[in-house]
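Here is the structure we will look at.
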Amino acid sequence: MSARVRVQSSTQDADQLVKSLMYLSVAVLQLLLVCAFGEALRAAGAALGDAAYASGWELRAQPPRTRALALLLLRAQRPLVLRAGGLYPVTLNSFASVLNTSYSYFALLRTINE
């Protein structure tokens with residue numbers, strides 16, 4: 001009877017492990033997608049200012065275009081950053097930071113639990 005209980009318990013543990021790993025992988029993938037989009041937005045914003053500056057706008061000096069490009073260059077000096085809650089920048093660096101902190105908390109809880 002006790003062997004049967006152990007086998008059933010181990011299959012329940014395996015099922016729980018698979019479910020936990022699937023949940024964890026989906027949560028990490030969701031975070032990665034958002035952070036990758038934030039990184040792409042930051043890179044595109046930086047490239048926009050460089051492209052406007054290198055466009056040769058000074059050779060075609062028409063006042064309305066010159067004014068618009070000057071405003072674009074002025075705005076491009078501040079980087080475009082996607083922010084979580086308006087505070088925390090969402091980039092690949094923040095993704096790595098979240099994973100590092102999460103693992104540190106997990107390791108701490110695991111050592112306390114043992």
Side-chain angles (χ1 to χ4, degrees):
M1 187 72 155
S2 65
R4 186 175 181 189
V5 171
R6 271 189 254 142
V7 169
Q8 187 177 9
S9 175
S10 66
T11 57
Q12 286 176 347
D13 290 343
D15 288 344
Q16 185 64 31
L17 178 66
V18 168
K19 287 178 184 177
S20 296
L21 286 176
M22 288 177 61
Y23 175 78
L24 180 64
S25 63
V26 168
V28 169
L29 181 64
Q30 284 179 344
L31 182 62
L32 176 64
L33 289 175
V34 172
C35 289
F37 176 73
E39 186 71 27
L41 181 67
R42 186 198 58 75
L48 180 66
D50 294 340
Y53 185 75
S55 69
W57 60 274
E58 66 277 355
L59 301 176
R60 299 180 298 266
Q62 297 172 351
R65 288 186 185 164
T66 304
R67 198 173 309 124
L69 277 170
L71 287 173
L72 178 69
L73 288 171
L74 185 64
R75 174 58 185 101
Q77 290 177 355
R78 264 191 16 200
L80 288 175
V81 178
L82 181 65
R83 294 188 177 274
L87 301 172
Y88 194 71
V90 179
T91 61
L92 290 177
N93 288 337
S94 59
F95 173 73
S97 174
V98 166
L99 286 183
N100 189 14
T101 304
S102 298
Y103 181 74
S104 296
Y105 289 152
F106 170 74
L108 176 67
L109 289 173
R110 190 171 166 197
T111 55
I112 289 172
N113 221 6
E114 289 177 356

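- Note that OG1 of T91 and CZ of R83 are 10.0 Å apart. Values are rounded to the nearest 0.5 Å.
- Within 6.0 Å of the OH atom in Y88, the count of heavy atoms belonging to other residues, nucleotides or ligands exceeds 12.
- By the rule that hydrophobic residues join a cluster once side-chain heavy atoms approach within less than 4.5 Å of another member, L92 and V98 end up as members of one cluster.
- In this structure, the side chain of S97 does not engage the main chain of N93 through any donor-acceptor pair within 3.5 Å.
- Going from atom CG of L31 over to atom OG of S94 covers 7.5 Å, rounded to the nearest 0.5 Å.
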Stepwise side-chain contact (heavy atoms from CB on, under 4.5 Å) check, L80 with R75: CA-CA 9 Å; L80 288 175; R75 174 58 185 101; 3.3 Å; yes
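- One finds the CG atom of L69 at 12.5 Å from the CG atom of L74 (value rounded to the nearest 0.5 Å).
- Residues passing the side chain to side chain contact (heavy atoms under 4.5 Å, CB included) test with Y105 are T101, sequence neighbours excluded.
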Derivation of the side-chain contact (heavy atoms from CB on, under 4.5 Å) call for L48 and L72: CA-CA 9 Å; L48 180 66; L72 178 69; 3.9 Å; yes
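- A distance of 4.5 Å separates CZ in F95 from CG in L32, rounded to the nearest 0.5 Å.
- The distance from the CD atom of Q16 to the CG atom of L21 is 10.0 Å, given to the nearest 0.5 Å.
- In the hydrophobic clustering of ILVMFWY residues, with side-chain heavy atoms under 4.5 Å counting as a link, L41 and V81 come out apart.
- Nearest heavy-atom pair across L73 and A52 is CD2-CB, 4.0 Å.
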